[in-house]
Amino acid sequence: MSKANTNTRPEARLAKGFRDIEAPELKALNDMTGKIREVYERYGFEALDTPAIEYTDALGKFLPDQDRPNEGVFSFQDEDEQWMSLRYDLTAPLARYVAQNFQTLPKPFRRYAFGNVYRNEKPGPGRFRQFMQFDADTVGAESVAADAEMCMLAADTLEALGLRGKFVIKVNSRNILEGLFEGLGLHLEEDWLRRLTVLRALDKLDRLGWDGVKALLGEGRTDESGDRTAGARLNVEQISLVQAFLSQKIEDENFDGIAVQRPYGLGAMTDSEIYQKGLGELIDIKRRCRAAGFSNDQVRIDLTVIRGLEYYTGPVFEAELTFEVKGDDGKPVRFGSVGGGGRYDDLVARFTGEKVPATGFSIGVSRLQAALSLINEKKTEALGPVVVLVMDKGEIATYQKMTQALRNAGIRAEMYLGSSGMKAQMKYADKRNSPCVIIQGSDERAKSEVTIKDLIEGAKAAAAIKDNKEWKAARPAQFSVSESHLVQEVHNLIKRHQG
RNA sequence: GCCGCCUUAGCUCAGUUGGUUAGAGCGCUAGAUUGUGGAUCUAGAGGUCCCCGGUUCAACUCUGGGAGGCGGUACCA
């Protein structure tokens, strides 16, 4: 290839917001999803896989008043000019599936799903444009019992992942917030934009604190970079009402009974029918969780939980990690929520016109894994395959036979497939993290033996040896056995290293 | 989207107040060691100094624009 062609060659690069996952992380991922799956199965959810691509209208993501899809979703047109999109969550495809198979499904329908979802947004630290979710949903159950179960499922799942005492499932209800809006005099029809702004502001409470949120509720806020965010233009009385409202203590420390402490002046707001409905839901969920043996630390009422803005209609949940980890720069890393969900009673109705109650919980697998990997800082690297060295190209059949014998005994093994000499083969095995290499040159062959070199022991021995010649003469951590004992000896060696 | 910072070897980064052959560490390849990975030493390969235009005798350096990356913020089912 001449130099002139250089600029026509593509650059080998990852698409922005996407990433490669290599063996050690893949293993951790598989372990983790296995544990989640086990809990979901135990709760009685049924596995369901749906495609990564759906028709855009089925996902409900066309821009308002336009025949173009929402910018946040990856979309393209097929040859019929129909818009298709990569799924951005697992709930919208579920709604489509339920609507399509409504007649034949058992109701309530309870399924779990696991897979990659895609969002066409600016990636950030720990935020990618492809990431994994693990969802469980109950469709067709109106009872708040179904919501309570979601909280239990979430708690049990995080317990199963070894996070006992390190997480909390926070619960709130949209109906509570609806009560707040009624109290503020913001009505659904004429004030929906301000209501949205209020929700957005409250959603930032954990990051900005009350000072920042108050600014956003009022006139707006200018951040450090000089970017201006418009506020909800509430007046001072309204803002302090919001703060007082959200600071209500709904539960006492022991939660033997529900103790509602109302700050002064909230009477009118908390008397509303919709607020009482929400309060009833929260108390019901708490009672059920307590009865099922979940503690106050595991499932807690928190009126500041907002969740998504679009489709939730009742209780909402958020799983949050409560421990702090310092990043490479020594600054604490925020994980935020690693999962969430809630009741969405209108999603299937988009297709059928029939209102179908549903509630679900979703784990952000990728984010949770990032958090877990910071706790278990030392990730033990998995052993690679045993490598059978090719000492003599004329004897490849013999080497292949040895390799196959190891494989048949359930041992990961491979014959060196490159074309380099012994030294390079050793380096290769080292890089593969092989437990040992198998050597049979003419010396061993003459005696019908093989040499097994233990790379892990060898590495330890090498640490003590300064002089290379001496070390090589000693040939540490290797031994010869008769050909017939090869499999057994390798088996023993691997067993030793796996503890 | 908005604001700020950044872009020099595979990686992490020096450097040139604008001057001729652009450096280091790590990594890689090879040799010292003709059948032995990880220590040590030596050598070698590897660069359109992000791209396009402008100023200049001269641009990797100054300037204008663009792209990409990072961070904050906004949006986020």
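Protein chains get the first letters and strands the later ones, always in sequence-line order, with residue 1 at the start of each.
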With no hydrogens and no angle check, just 3.5 Å: does a side-chain donor-acceptor pair link A/Arg228 and A/Thr222?
yes
Check the side chains of A/Asp345 and A/Tyr312 for a donor-acceptor pair under 3.5 angstrom, ignoring hydrogens and angles.
no
Residues which pass salt bridge (Lys or Arg N to Asp or Glu O under 4.0 Å) with A/Lys460, listed by chain and number, not counting sequence neighbours:
A/Glu457
Residues passing the ring pair (Phe, Tyr, Trp, His ring centres under 6.0 Å) test with A/Phe109, sequence neighbours excluded, are A/Tyr97
Take atom C1' in B/G64 and the same atom in B/G25, then report the distance between them in whole Å.
36 Å
Using heavy atoms to find the nearest nucleotide of RNA chain B for A/Leu455 and A/Asn120 separately, return the residue whose nucleotide is more 5′.
A/Leu455
Pick base, sugar-phosphate or nothing for A/Gln440, based on heavy-atom distances below 4.0 Å to the nucleic acid.
nothing
Hey, is the side chain of A/Lys427 poking within less than 4.0 Å of OP1 or OP2 on B/G27, counting only N and O atoms?
no
Do A/Glu121 side-chain and B/A77 base share a donor-acceptor contact under 3.5 Å?
yes
Verify the contact: side-chain N or O of A/Arg200 to OP1 or OP2 of B/C76, cut-off strictly under 4.0 Å; return yes or no.
yes
For a quick check of understanding: with a heavy-atom distance under 4.0 Å over all strands, which category does A/Lys431 fall into, base, sugar-phosphate or nothing?
sugar-phosphate
Distance-only donor-acceptor check, side chains A/Glu449 and A/Gln440, under 3.5 Å
no
Output the rounded distance in Å from CG (A/Asp137) to P (B/A77).
16 Å
Whether the side chain of A/Glu444 and the base of B/G35 hold a donor-acceptor pair under 3.5 Å is what I'd like checked.
yes
Across the strands shown, which category fits A/Ser434 at heavy-atom distances under 4.0 angstrom: base, sugar-phosphate, nothing?
nothing
Counting any heavy atom closer than 4.0 Å, what does A/Leu389 reach on the DNA or RNA strands: base, sugar-phosphate only, or nothing?
nothing
Spacing between A/Tyr311 atom OH and B/C76 atom P, to the nearest angstrom:
14 Å
Taking the same atom, C1', in B/G65 and in B/U17, what whole-Å distance lies between them?
26 Å
Separation of atom CD in A/Gln130 from atom P in B/C76, rounded to whole Å:
23 Å
Taking B/U33 as the reference, what is the distance to B/G69 when you measure between their C1' atoms (whole Å, please)?
45 Å
When A/Thr229 and A/Lys61 are each assigned the nearest nucleotide of RNA chain B, the 5'-most assignment goes to A/Thr229
Does any donor atom in the side chain of A/Glu444 or A/Thr451 lie under 3.5 Å from an acceptor atom in the other side chain?
yes
Taking the P atom in each of B/A74 and B/G15, what is the distance between them to the nearest angstrom?
36 Å
From the candidates B/G37, B/G35, B/A77, the one with an atom nearest any side-chain atom of A/Lys453 is B/G37
Please state how far atom CE in A/Met391 lies from atom C1' in B/U36, giving the value in whole angstrom units.
8 Å
What is the distance from CE of A/Met426 to P of B/A30, rounded to the nearest Å?
15 Å
Correct closest heavy-atom pair for A/Tyr344 and A/Gly360 would be CE2-N, 3.9 Å
When we call it a touch if two heavy atoms are under 4.0 Å apart, what does A/Val73 touch: a base, just sugar-phosphate, or nothing?
base
Scan A/Glu71 against the nucleic acid and name what it touches under 4.0 Å (heavy atoms): base, sugar-phosphate only, or nothing.
nothing
Inter- and intrachain pairs under ring-ring contact (aromatic ring centres under 6.0 Å, His included), touching residues 415-441 of chain A, at least two apart
A/Tyr416-A/Tyr428
Could you give the distance separating B/C3 and B/C60 at their C1' atoms, to the nearest angstrom?
28 Å
Using only heavy-atom distances, decide whether a donor-acceptor pair under 3.5 angstrom links the side-chain of A/Arg228 to the base of B/A74.
no
Is A/Lys423 close enough to B/U36 that one of its side-chain N or O atoms is under 4.0 Å from OP1 or OP2 there?
no
Taking only N/O atoms, report every protein-nucleotides 67-69 of chain B pair under 3.5 Å with atom names and distance.
residue: B/G69; atom: OP2; partner: A/Lys16; partner atom: NZ; Å: 3.2

Does A/Arg207 place a side-chain N or O at less than 4.0 Å from the phosphate oxygens OP1/OP2 of B/U73?
yes
Does this structure show an ion pair linking A/Asp392 with A/Arg445, if we count only N-O contacts that are shorter than 4.0 Å?
yes
Students often mix this up, so state it plainly: with edges at 30° and 60°, are the rings of A/Tyr40 and A/Phe134 parallel, tilted or perpendicular?
perpendicular
Assign the ring pair A/Phe74 / A/Tyr118 to parallel, tilted or perpendicular, where the plane angle (0 to 90°) is split at 30° and 60°.
perpendicular
Pull out every protein N or O sitting under 3.5 Å from an N or O of nucleotides 3-9 of chain B, one pair per line with the distance.
residue: B/C3; atom: O2'; partner: A/Ser225; partner atom: O; Å: 3.0

B/C49 and B/A22, which share atom name P, separated by this distance in whole Å:
10 Å
B/G54 versus B/G18 - spacing of their C1' atoms, nearest Å
15 Å
Is the shortest side-chain N to carboxylate O distance from A/Glu414 to A/Arg407 below 4.0 Å?
no
What's the closest nucleotide to the A/Arg221 side chain, out of B/A77, B/U73, B/G35?
B/U73
Once Watson-Crick and G-U wobble pairs under 3.5 Å are found, how is RNA chain B written in dot-bracket notation, 5' to 3', with | for any base paired to another strand?
(((((((..((((.....[...)))).(((((.......))))).....(((((..]....))))))))))))....
Keeping A/Ser434 on the side-chain end and A/Cys436 on the backbone end, is there a donor-acceptor pair under 3.5 Å?
no
With a 3.5 Å cut-off and no angle check, do the side chains of A/Asn120 and A/Glu71 form a donor-acceptor pair?
no
B/U36 base / A/Gln425 side chain donor-acceptor hit below 3.5 Å
no
If the P atom of B/G72 is compared with that of B/A30, how far apart are they to the nearest Å?
43 Å
To the nearest angstrom, how far is A/Phe74 atom CZ from B/C76 atom C1'?
13 Å
Contact class for A/Gly458 vs. all strands (heavy atom < 4.0 Å): base, sugar-phosphate, or nothing?
base
Between A/Glu149 and A/Arg110 (salt bridge meaning N to carboxylate O under 4.0 Å), is one present in this structure?
yes
Does A/Arg127 make a side-chain N or O approach to OP1 or OP2 of B/G72 shorter than 4.0 Å?
no
Among the nucleotides B/G35, B/G37, B/A77, which one has an atom lying closest to any side-chain atom of A/Asp443?
B/G35
Rounded interatomic separation in angstrom, taking NZ from A/Lys460 and P from B/A39
18 Å
I need the CZ-C1' distance between A/Arg445 and B/G35, as an integer number of Å.
12 Å
